[in-house]
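All ligand and atom numbering here is 1-based and tracks the order in the structure.
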Amino acid sequence: MSSRVAAISPAWAIPGYLEVANGHLSINGADAIELVREYDSPLFVFSAPRIRSNIRRLQRAAETVEKPIRFFYASKANSNMAVLKTVRDSGIDVEVNSGGELFKALKVGFRPDQIIFNGTSKSDEELDQAVSAGIYAINVDSIYEIGLVEAAVKRLRERESEPLPPARITLRLVPEIGTRSHLGLQTALLTSKFGISSSEVSEAFRRGLQHPELINVCGIHIHVGSQTPDVEPFAEAFRSMWEHLLTIHRETGHTLEHINLGGGIPVNYLRDRTQADQLPEHERDMLGADLEPAAVLTAALRIARESAREVAAEHLLDKVTILLEPGRSVIADAGLVLTTVRNIKRRPETGDVWLLTDAGYNLMLSMNNYKWYYHLISASSAEALASENYKVAGPLCDSGDVYFDIERGGRLPDYRLLPENVKPGEVLALLNSGAYSLAQMFHYNGRPLPAAVMIQEDGTAELIRRRDTYEDLVTNDVW
Ligand SMILES: Cc1ncc(COP(=O)(O)O)c(C=O)c1O
């Protein structure tokens, strides 16, 4: 391929992955415009090399601490089968949030002992599936749920002739730890719907240890939230879990095998900061966070080591494996959405130029409900200076389907900067949109869901999700 890679690379570029070649956006050497020509628009594009390098970054972080660390990819971030396969082949484990995600994880080839099941409202069927598969841990979300897992074990033992070992459970705690992320993405607050509060922990453990023939309480879990920009909440969560582990050991003699620190390692959505100054400071700090996973692990372990030394409990810490459930940090910047400008209008009264694209919030729900910032570039003129202000909007029949904050909360810039003279037919790219997008997309307005491709190391594209047809819109309707 005689592609000409731009000499000056834009701020959003990631060498070897996101570049400009022949004036176009290039993804691991695949030309974005060619991809749209072949697979149509809108189109999700994922990079297998980027997923692998994100996972390697986590694995390298694990090597910096002298402790066994296991990563369980949070499949809610993106559970496309090809994505799961790439994650599995990279050698890490998986976290699921429903019977459906459990089904997908098993189907793609994760072993049961590589799977953790989280969730606030698991059904009996889902618990039966998890228990009978013999997964690594079911993270129980309340004292009540402990009884549900026990009931599932009893039910299955009656039903199946095979002997069934006790189910492994982890207690999910909610210790009131705030973060500087969106309120909707904070999950360790007492006002959130998650987990068992600190005042209930002793009772929860007593209850969990009542029937060792049915369940084995093997760990403790806290997920402080997603896109957590600072190290402190992780360290605080680890301290809390470690102290509970010590108390439980002192009170019952029971030793926990693992401490699960959840997900939440942030992604830098503001690699290109040209529009960052239009965002409120706290939003900028959160979206532009550049927190190394190694820093999270080091800070958490330092606290536990000091505490272990003080109370002569190093032997307990030595036995503990640390688990992390990264989602966003694996897949967000490994995916983007290509969208085509379908319509253009200039409002005489305001002078605004409106670009109407084919990618609405039905493809990126976070852009609507959290006003999440995805940096927008021109994939057709990737080299050109982004010097003009445009109002940008999607195709949905909803005035909230816009790429700015319609409520004027300032959480998204009012205008998007793109090159001058953008015309219908031009392809744009919403960067860093690989997490919580494809997994959350929906058919609103009867819009068939888009295709997705995965780019391999050599620049070849593989279809990993076929585009819906109109028939797909009616397959489940009964009339
Ligand atoms: C329990 C749990 N673990 C892991 C994650 C993944 O978080 P992130 O994608 O921010 O890494 C989430 C998502 O919020 C979660 O709820």
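When each of His375, Arg284, Gln227, Arg328 is paired with Tyr269, the side chain to side chain donor-acceptor pair (under 3.5 Å) condition holds for Arg328 and for no other. Each of Glu145, Arg168, Glu126 was checked for a side-chain contact (heavy atoms from CB on, under 4.5 Å) with Ile138, and the lone residue meeting it is Glu145.
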Kindly print each ligand 1 N/O atom paired with any protein N/O atom under 3.5 angstrom away, one pair per line, or none if nothing qualifies.
from: ligand 1; atom 1: 3 (N); to: Glu325; atom 2: OE1; distance (Å): 2.7
from: ligand 1; atom 1: 9 (O); to: Arg328; atom 2: N; distance (Å): 2.8
from: ligand 1; atom 1: 9 (O); to: Tyr436; atom 2: OH; distance (Å): 2.6
from: ligand 1; atom 1: 10 (O); to: Ser226; atom 2: OG; distance (Å): 2.4
from: ligand 1; atom 1: 10 (O); to: Gly264; atom 2: N; distance (Å): 3.3
from: ligand 1; atom 1: 11 (O); to: Gly264; atom 2: N; distance (Å): 2.9
from: ligand 1; atom 1: 11 (O); to: Gly327; atom 2: N; distance (Å): 2.9
from: ligand 1; atom 1: 14 (O); to: His223; atom 2: NE2; distance (Å): 2.9
from: ligand 1; atom 1: 16 (O); to: Lys76; atom 2: NZ; distance (Å): 3.2

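Between the side chain of Thr187 and the backbone N or O of Gly225, at least one donor-acceptor pair lies under 3.5 Å. Between the side chain of Arg157 and the backbone N or O of Leu164 there is at least one donor-acceptor pair closer than 3.5 Å.
Note that OG of Ser47 is 5.0 Å distant from OH of Tyr17, once rounded to the nearest 0.5 Å. Between the CD1 atom in Ile169 and the CD1 atom in Ile220 there is a gap of 11.5 Å [rounded to 0.5 Å].
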